[in-house]
Amino acid sequence: MSRRVVRQSKFRHVFGQAAKADQAYEDIRVSKVTWDSSFCAVNPKFLAIIVEAGGGGAFIVLPLAKVWQIPDYTPMRNITEPIITLEGHSKRVGILSWHPTARNVLLSAGGDNVIIIWNVGTGEVLLSLDDMHPDVIHSVCWNSNGSLLATTCKDKTLRIIDPRKGQVVAERFAAHEGMRPMRAVFTRQGHIFTTGFTRMSQRELGLWDPNNFEEPVALQEMDTSNGVLLPFYDPDSSIVYLCGKGDSSIRYFEITDEPPFVHYLNTFSSKEPQRGMGFMPKRGLDVSKCEIARFYKLHERKCEPIIMTVPRKSDLFQDDLYPDTPGPEPALEADEWLSGQDAEPVLISLRDGYVPPKHRELRVTKRNILDVRPPSGPRRSQSASDAPLSQHTLETLLEEIKALRERVQAQEQRITALENMLCELVDGTD
């Protein structure tokens, strides 16, 4: 008599839970654009959401620490002037992706079938890949050190590209045979995880070895829904979360070296469909609650956090759940990467929780428009006044600035009060 052996995994009991209503972000007009995008980005400080607007391109940024003080005497205004405008695409841009290890390197792809890699600090085009995709690009993903790209295209081809050489190093036609869009992400083992559709329009997931694209490492059919599956991959746990546009669930799988290689873990289900999804970087999670993932689910008019946790009885830091993870500091400058250098991400420990550094050194080899520099003025001769400020002097200046701000706010309150009195007098005479 055979006995089934249950696969051992510390992630078998991961469960998802929606945040309470008072933790959701209400009254947000999420974009209705038909582009198959997540419409949302998040980091440990801010949440950004694409919102409905004529012509597109509008977005809202909200602080995650939801303690707001909005005084009635301070006018609220929208930011209408960008720090920099990157011009190079001839059609709408639908994909943006930051380089995982190089400072200020941003990838963009649009409806013109072109991939452009920018140095946003100088506004320069570093690379333009304009002859590799004959049709619309559906997705682009960097590998862990940013040396390769995985792209999917409307021509049904999965490509591995070396952007600095401008070469396709491997490709697979019809990784999924259906005509609906595919998605692809790199795993920490260097494999490619894909989602797509079969010829019969069933949703499907696959795992591929770029060194041997002839046969998939794994291929599994899912269901017959028509929403594109957006994969969110966590390299620390090797869990991939699948969020379908229009679905009301998140399915998650663990990728291992053991057959069948992609192991189903569980499904988080809710009542309302999702229009988009944001995925928090690991450094933004609450390690004291054994939180291993957090999503920001977009509804029609709100954004709802969803928390994934591993139940543990101990209150101690769980080393097995939180290996050192990529931090915000770059490992390379843009010029170093462009010259051919590669580097793995700079890792940080989450043992005491992630605390963003107060002062971050910024090293540049060219003029960088993202640097905050004092306004130009008459040149001064070198003197003792050019020496670095002492701690005492700096504290004194900060106190003076604080006092000036308080004085300005008091004057604005006084002006507001006088304006209100004037309005009351005018209304009384009427």
State the [atom1]-[atom2] distance between [X] and [Y], to the nearest 0.5 angstrom.
X: Leu230; Y: Leu242; atom1: CG; atom2: CG; answer: 9.0 Å
X: Phe59; Y: Leu62; atom1: CZ; atom2: CG; answer: 11.5 Å
X: Ile255; Y: Glu258; atom1: CD1; atom2: CD; answer: 13.5 Å
X: Glu333; Y: Thr101; atom1: CD; atom2: OG1; answer: 11.0 Å
X: Asp234; Y: Arg188; atom1: CG; atom2: CZ; answer: 8.5 Å
X: Ser9; Y: Leu265; atom1: OG; atom2: CG; answer: 6.0 Å

Polar side-chain atom of [X] near backbone of [Y] as donor-acceptor pair, under 3.5 Å:
X: Ser128; Y: Asp130; answer: no
X: Arg159; Y: Met132; answer: yes
X: Asn119; Y: Val105; answer: no
X: Ser249; Y: Thr267; answer: no
X: Gln17; Y: Phe15; answer: no
X: Arg294; Y: Leu285; answer: no

>> side-chain contact (heavy atoms from CB on, under 4.5 Å), that's the test. Do Asn104 and Trp118 meet it? Break it down for me.
In response: CA-CA 8 Å; Asn104 292 339; Trp118 311 81; over 6 Å; no
(Q) Quiz question: by atom type and distance under 3.5 Å, do the side chains of Glu87 and Thr85 form a donor-acceptor pair? (A)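 No - no donor-acceptor pair under 3.5 Å links their side chains.
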When you compare the side chains of Ser238 and Tyr233, does any donor N or O come within less than 3.5 Å of an acceptor on the partner?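 Result is yes, a qualifying pair exists.
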Side chain proximity check, [X] to [Y], heavy atoms < 4.5 angstrom:
X: Ser108; Y: His89; result: yes
X: Ile161; Y: Thr151; result: yes
X: Lys245; Y: Gln274; result: no
X: Thr187; Y: Leu207; result: yes
X: Ile60; Y: Tyr25; result: no
X: Pro163; Y: Ile117; result: yes
X: Ile116; Y: Leu107; result: no
X: Glu291; Y: Leu321; result: no

Quiz item: Which one of Val217, Ile160, Val185, Thr152 satisfies the side-chain contact (heavy atoms from CB on, under 4.5 Å) criterion with Ile192?
Solution: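 Single pass found, and it is Ile160.
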Identified side-chain contact (heavy atoms from CB on, under 4.5 Å) counterpart of Glu344 within the set Pro100, Pro326, Ser144
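The residue from Pro100, Pro326, Ser144 that satisfies side-chain contact (heavy atoms from CB on, under 4.5 Å) with Glu344 turns out to be Ser144.
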For [X] and [Y], work out which heavy atoms get closest and say how close.
X: Pro273; Y: Gly246; answer: CB-O, 3.3 Å
X: Ile84; Y: Thr122; answer: CD1-C, 4.5 Å
X: Leu126; Y: Ala334; answer: CD1-CB, 4.4 Å
X: Gln318; Y: Leu316; answer: NE2-O, 2.8 Å
X: Leu219; Y: Gly206; answer: CD1-CA, 3.9 Å
X: Ala48; Y: Val61; answer: CB-CG2, 4.2 Å

| task | Report the C-alpha distance between Arg312 and Asp320 in whole Å, list the side-chain angles of each, state the deciding distance to 0.1 Å, and finish with yes or no for salt bridge (Lys or Arg N to Asp or Glu O under 4.0 Å). | result | CA-CA 12 Å; Arg312 294 284 174 92; Asp320 60 327; 2.9 Å; yes
[X] and [Y] ion-paired at < 4.0 Å:
X: Arg251; Y: Asp223; result: yes
X: Asp319; Y: Arg351; result: yes
X: Lys32; Y: Glu52; result: no

Side chain to side chain contact (heavy atoms under 4.5 Å, CB included) filter on Ser147, not counting sequence neighbours, yields Asn143, Asn145, Arg164, Asp342
Item to check | side chain to side chain contact (heavy atoms under 4.5 Å, CB included) against Gln220, all qualifying residues, sequence neighbours excluded | outcome: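 Counting only residues at least two positions away or on another chain, Gln220 forms a side chain to side chain contact (heavy atoms under 4.5 Å, CB included) with Leu205, Phe253, Val262.
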Throw together a table of side-chain donor-acceptor distances under 3.5 angstrom for residues 175-184, partners on residues two or more places apart or in other chains.
unit_1, atom_1, unit_2, atom_2, d
His176, ND1, Glu204, OE1, 2.9
His176, NE2, Thr194, OG1, 2.7
Glu177, OE1, Arg199, NE, 3.4
Glu177, OE1, Arg199, NH2, 3.1
Arg180, NH2, Asn226, O, 2.6
Arg183, NH1, His138, O, 3.3
Arg183, NH2, Asp36, O, 2.4

Verdict with supporting geometry, Arg203 and Asp247, salt bridge (Lys or Arg N to Asp or Glu O under 4.0 Å): CA-CA 12 Å; Arg203 294 198 292 195; Asp247 289 2; 2.7 Å; yes
Check whether more than 12 heavy atoms from other residues, nucleotides or ligands sit under 6.0 Å from atom CZ of Arg301, and answer yes or no.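 Enclosed.
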Take Asp286 and Ser288, measure what side chain to side chain donor-acceptor pair (under 3.5 Å) needs, and give me the verdict at the end.
-> CA-CA 5 Å; Asp286 188 347; Ser288 67; 2.5 Å; yes
Notebook entry, point to check: Can you check side-chain contact (heavy atoms from CB on, under 4.5 Å) on Cys40 and Ile50, steps first, answer last?
Noted result: CA-CA 6 Å; Cys40 183; Ile50 305 297; over 6 Å; no
Residue pairs passing the ring pair (Phe, Tyr, Trp, His ring centres under 6.0 Å) test with at least one member in residues 184-232, sequence neighbours excluded, are Phe232-Phe279, Phe232-Phe295
Passes side-chain contact (heavy atoms from CB on, under 4.5 Å), Leu129 versus Leu149? Steps please. CA-CA 11 Å; Leu129 310 177; Leu149 299 172; 4.2 Å; yes
- Is the charged tip of Lys297 near the ring of Phe268: under 6.0 Å from the six-membered ring centre and within 45° of its axis?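 Verdict for Phe268: no cation-pi partner in Lys297.
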request  = Kindly indicate, with the supporting measurements, whether the criterion side-chain contact (heavy atoms from CB on, under 4.5 Å) is fulfilled by Leu127 and Leu338.
outcome  = CA-CA 9 Å; Leu127 298 166; Leu338 186 62; 3.9 Å; yes
Extract all donor-acceptor atom pairs below 3.5 Å that involve side chains of residues 302-311 and protein atoms in other chains or at least two apart in sequence.
unit_1, atom_1, unit_2, atom_2, d
Glu304, OE1, His299, NE2, 3.0

**Message:** Run the ring-ring contact (aromatic ring centres under 6.0 Å, His included) test against His263 and tell me which residues pass, sequence neighbours left out.
**Reply:**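 ring-ring contact (aromatic ring centres under 6.0 Å, His included) check on His263 returns nothing, list empty.
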- Query: Parallel, tilted or perpendicular for Trp142 and Trp337, by the 30°/60° rule?
  - Reply: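 The rings of Trp142 and Trp337 stand perpendicular, inter-plane angle above 60°.
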